[in-house]
Structure formats: C-alpha cells, structure tokens
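Structure, as structure tokens:
For ligands, and for the atoms within them, numbers begin at 1 and follow the listed sequence.
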Amino acid sequence: MVENMRRVRTFGLLGTGVIGGGWAARALHFGIDVIAADVKPEMEDWIRGAVANAESALARLTSAPLPPKGTLTFTTDLGEMARRADFIQENIPEQLELKRRVLAEASRHAPAEVVIASSTSGLMPTDLQRDMQFPQRFLVAHPFNPVYLLPLVELVGGRDTSPRTLDAAQAFYTYIGMHPLRVRSEVPGHLTDRLQEALWREILHLVNDGVATTGELDDAIVYGPGLRWAAMGTNLIYHLAGGETGMRHMLRQFGPCLKWPWTRLEAPELTEQLIDRMVEGTQAQAAGRSIRELERLRDDYLVAIQQVLRQFDIGAGSTLRAVEERLYADSAASLQVAGEEAATAGQPLKTLETEVRPEWIDRNGRMAEGRCLQVFGDAADALFRLAGMNGVDRSAGGAFFAVESHVLHHAPAGALESIFVTTQVLGVDGNGVHLFHTLKRRSDGRVLATGEQHYEYASAAQGAAAPMHTAVRAKLDGIRAAHAKLRAPAQAGRHVVFPGK
Ligand SMILES: NC(=O)c1ccc[n+]([C@@H]2O[C@H](COP(=O)([O-])OP(=O)(O)OC[C@H]3O[C@@H](n4cnc5c(N)ncnc54)[C@H](O)[C@@H]3O)[C@@H](O)[C@H]2O)c1
C-alpha cells in the first residue's frame with residue numbers, strides 16, 4: 001500500500017442503493033469489513049438483501065481460498081461512518097450540489113490519510129472535490145453494475161488529486177478483484193459512459209424513427225459485436241477487420257463512411273411517444289420475467305463468461321486469474337510461519353483452512369466427492385508454494401501435476417462447516433512427490449476424508465517430467481526428513497478393496 005495511505009480493513013459506503021449494495025457485496029466477499037451509511041434507515045434491510053442476493057453468483061466465481069467474509073454494519077450517521085472507515089466510497093444520487101455538500105461533510109470527519117472516492121457516472125472530480133478538506137485524497141472511481149461481478153473501475157483524478165491517492169486506490173481495487181483503468185484527464189462521462197452513450201443515442205434515434213424495436217437493436221449487438229467485445233474492444237476488432245494490413249486498410253476502406261455520416265451526434269427529444277416505445281419494447285423483451293429473475297440470469301452468465309475468459313488469460317479473465325493467484329499466495333503465506341515450525345518439529349503441515357461452500361454440496365446434502373480432491377489439490381498447491389514454487393512463474397520453472405490420487409471418505413461435511421487439511425510428505429525423488437492429506441472438521445477435529453497423491457514435476461517448455469528446481473527439492477527433502485519421524489498413516493498405500501472379492 002502506498003506510503004501514508006491506510007491499509008483498508010473497513011470500507012465506508014456513503015449511499016447504499018444499487019451501487020452501494022454492489023460495492024458492499026464485493027468488499028465483504030474479499031474479507032473487508034463494510035460500514036454503510038444512508039439517510040434512510042430502511043436501506044439497512046435493502047443492503048443486507050442486496051448482499052445476500054449477490055452471494056450465490058459471487059460464490060461461484062472462483063474456487064480459490066477466500067479469507068473469512070467481512071462483516072457489514074449499517075448507520076444513518078455519516079460522521080460515524082467517516083470516522084471508522086479506512087477508505088470511503090460515495091454512491092449517492094448523481095447531483096453535483098448534493099454530492100459536493102455531502103463529500104465536504106464526510107471530509108471533515110475522515111482523517112486526512114483516508115481516501116475518498118466517488119462512484120459518479122459522469123461528474124468531474126475537480127468539481128466534486130472543490131469544498132473538501134484535504135481534497136488531494138479524493139478521486140472518481142466509477143464502477144459498473146453489478147459492481148460485485150464486473151471488474152472495471154475507472155479512476156479519475158481532479159486538479160487537486162495527488163498521484164499517491166490514485167496509486168492507493170488502484171492497489172485497493174485490485175485487491176478486491178477489480179481492473180482499475182486510469183483515465184488520463186477528466187472529461188464528462190469519463191471513458192466508458194461516453195462510449196455507451198454514443199450507442200444509446202443512436203438506439204433512441206432508430207426507435208424514434210420507427211426503424212427498429214428495442215429488441216431488434218439488442219439482437220444487433222447480442223448475436224454479433226457483443227460476443228467479440230467481451231475480450232477484444234472495437235479498436236482491436238477493427239484492426240482484424242482490415243485483413244493483413246490491419247487498421248490502416250480498415251481506415252482506408254471504411255473511413256469515408258464517417259463523412260456521410262451514418263450516425264447523429266444530438267440525441268432525439270425524449271417525447272412521450274419515444275418513452276412509451278422504449279418502455280413497451282423492453283417490457284416485451286422481459287417477457288414477464290421480473291427484474292430479479294433477469295438479474296439472476298445476467299449474474300449467472302457473467303460468472304460463466306469470466307471463467308471461460310480466464311482460460312484464454314484475456315480481458316476480465318486475466319483479472320480473475322490475477323486475483324486467484326493472490327488468494328492462493330495469501331492463503332499459503334498465512335500458513336507459512338506455522339508450516340515452517342511444523343516442518344522442523346516433524347508435524348504434518350496445515351496446508352489449507354477454509355469452509356465448505358454451499359455450491360460444493362451435492363443433492364444428498366453432503367460435500368461432493370470431487371470437492372475433496374479439489375481441496376487436496378489446493379492443499380498440495382500450498383505445500384509447493386511453501387517449498388518455493390510460485391504459481392505465476394510456471395513458464396520459467398514448470399509445475400507439479402497430480403498423476404495419481406486415492407481418496408477415502410470417512411464422514412460427510414455440511415455446508416458452511418469450517419474445515420482444514422494437514423499434509424504429510426511420504427516421499428520425494430528426482431521429479432516426484434508422494435503426499436498424504438487429512439481433511440478434518442474444525443469444530444470437533446473429526447477426520448472427514450484422507451487422500452494419497454503422487455505429484456510429478458514437469459517442465460513448462462517440454463511438458464514432460466523433469467527434475468525439479470534444486471531449491472524446491474532441498475526444501476521438500478527437509479520436510480520429508482522431518483516427517484520421517486511421524487507414524488506412517490494407516491490408510492497409505494491402499495487401493496479399492498471391494499468386500500467379498
Ligand atoms: N446505477 C448504475 O448503473 C450506476 C453505475 C455506475 C455508477 N453509478 C453512480 O452511482 C451513484 C449512485 O447510483 P445508484 O444507482 O446506486 O443510486 P440509488 O438511487 O440506487 O442510491 C442512492 C442512495 O443514496 C442515498 N442517499 C441520498 N442522499 C444521501 C445522503 N445525503 N447521505 C447518504 N445517503 C444518501 C439514497 O437514500 C439511496 O439509497 C450515482 O452517482 C450514479 O451515477 C450508477
């Protein structure tokens with residue numbers, strides 16, 4: 001974190017509507033406490049409901065080990081929120097005078113090193129920070145709905161914003177899984193809303209002129225450009241459209257159309273007739289589905305798309321990969337000190353602490369078998385990190401791959417139960433490691449499952465088994481030597497024995 005700016009443990013929200021609720025869900029999910037302030041006391045129920053609604057999609061976004069969820073506190077006292085928060089995000093209605101007044105008030109309560117950001121869709125930071133105390137700690141941080149699933153946040157500094165504020169904000173938003181986009185200079189609407197508005201203006205014209213319905217115009221995006229946009233923006237896509245000579249050819253071929261021009265700059269008048277057409281059109285598209293139902297559908301496909309993009313390490317998929325990498329590293333680091341001590345004392349290493357996520361439960365109400373393997377895989381990953389492997393550095397150093405696994409199920413686990421895994425190193429040779437994991441329930445120490453695994457090290461370049469890095473080998477040998485003092489697990493070396501055969 002940037003010098004003098006606070007480490008963010010408590011995220012303060014000013015205004016808890018659609019956007020405030022989205023921020024709360026995202027921050028809590030990544031283990032940050034939230035104190036939310038709104039003038040209306042009834043917003044407490046609303047924000048708690050919004051956080052609960054976001055949970056099912058968020059929980060499916062990643063299986064990386066998450067820290068314990070943050071806690072949510074609600075207040076109608078802006079001053080209390082501002083005094084307790086380490087970072088404040090304002091999300092009140094889009095009115096310059098109101099925002100200016102409320103931001104100035106918050107700035108009188110919040111210590112100077114607390115960053116204050118505004119979610120404004122289009123107001124300029126210089127205008128917003130005018131009456132604030134310590135305006136250098138203010139910036140615009142414009143998110144997108146649903147804030148808990150879309151990683152983009154546009155960061156815009158005003159005339160008085162210090163570069164350190166932008167750096168601190170960038171670090172915080174990255175920590176909670178976002179993609180901060182630094183906007184070079186303030187312009188009304190920042191970047192994305194200018195692009196969105198250009199498209200929307202044209203939609204309003206086409207509907208107004210009776211050229212197309214709202215549904216047909218959405219089809220014009222959804223079946224074509226929309227699919228491309230999830231990973232490549234208009235510019236890179238047009239570069240491809242120009243063939244071998246790329247953008248230069250594209251501009252030569254389609255550039256002249258810009259003079260005709262196809263589109264208009266002024267929006268049409270919002271007449272009653274146009275408003276009716278827009279409302280009736282979108283109601284027909286909704287086809288009787290409630291806003292909640294449509295939100296759930298949207299959230300589900302947003303999760304699935306990001307998981308697909310992760311495989312290509314592109315766009316929002318790269319952001320997801322990066323935050324997962326950080327989560328695995330944090331989880332391994334939190335076990336590192338205890339792990340070092342246990343290794344030298346000849347104890348099995350505690351390699352994973354987590355809880356049984358609701359989506360791991362099968363239709364019989366128990367943690368599904370495959371999830372045991374997933375948990376053992378994460379435990380092995382933590383062990384390899386402890387031994388010096390860095391998951392991001394695979395291209396340079398190769399990685400460990402499971403070649404054989406055997407799982408014994410002892411007792412079922414239920415949703416939200418706290419569990420942990422200990423790992424014993426049974427053997428190490430030139431390119432292989434023999435591991436034994438024990439999965440236990442935290443509340444009573446009961447063994448839920450055990451797993452025996454053989455991992456092989458393979459070089460990234462050749463993709464074939466290869467000798468592991470000498471430092472990693474030395475560390476694993478050290479743990480193996482300490483673990484040699486332990487009793488060999490009774491279940492080790494088993495295969496499936498079917499009674500009566
Ligand atoms: N809705 C979107 O898609 C979207 C996307 C990005 C950014 N934004 C921006 O986020 C901000 C909030 O938008 P929203 O859609 O969440 O609005 P909203 O109307 O849903 O929520 C605003 C909340 O602010 C509260 N409020 C009003 N005055 C207050 C005060 N003085 N102190 C504390 N709370 C106060 C209201 O009670 C309400 O709960 C706006 O600046 C908007 O431009 C909205």
message: Starting from atom 33 (C) of ligand 1, what is the nearest protein heavy atom, named by residue and atom, and what distance separates them?
response: Val39 N, 3.6 Å
message: Testing the 3.5 Å rule here: is there a donor-acceptor pair between the side chains of Ser418 and Glu353?
response: no
field: Nearest option to atom 12 (C) of ligand 1, as decided by whichever heavy atom of Thr76, Asn91, Leu123 sits closest
entry: Asn91
query: What protein heavy atom sits nearest atom 20 (O) of ligand 1, and how far off is it?
result: Val18 N, 3.2 Å
query: atom 21 (O) of ligand 1: which protein heavy atom is closest, and how many Å away?
result: Gly17 CA, 3.3 Å
Between Thr62 and Glu324: side-chain donor-acceptor atoms closer than 3.5 Å: yes
- request: For the pair Lys69 and Glu355, find out whether any cationic side-chain nitrogen is under 4.0 Å from an anionic carboxylate oxygen.
  value: no
query: Which residue owns the protein heavy atom closest to atom 44 (C) of ligand 1, what's the atom, and how far is it?
result: Ile19 CG1, 3.3 Å
statement: shortest atom 25 (C) of ligand 1-to-protein heavy-atom contact is with Asp38 OD2, 3.2 Å
statement: Residue, atom and distance of the protein heavy atom nearest atom 35 (C) of ligand 1 read Ile92 CG2, 3.4 Å
query: Any protein heavy atom sitting closer than 4.0 Å to atom 3 (O) of ligand 1?
result: yes
query: Backbone, side chain, both or neither: what part of Val102 comes under 4.0 angstrom of ligand 1, heavy atoms only?
result: side chain
- request: Sort out for me which residue in Thr120, Val156, Leu139 forms a side chain to side chain contact (heavy atoms under 4.5 Å, CB included) with Pro125.
  value: Val156
- prompt: Could any protein non-hydrogen atom be found less than 4.0 Å from atom 41 (O) of ligand 1?
  reply: yes
- request: Could you tell me whether Phe87 and Tyr173 have their ring centroids closer than 6.0 angstrom?
  value: yes
statement: min-distance protein heavy atom vs atom 9 (C) of ligand 1 -> Ser119 O, 3.4 Å
- prompt: What is the closest protein heavy atom to atom 43 (O) of ligand 1, and at what distance does it sit?
  reply: Ser121 OG, 2.7 Å
Greater than 12 external heavy atoms within 6.0 Å of Arg159's CZ: no
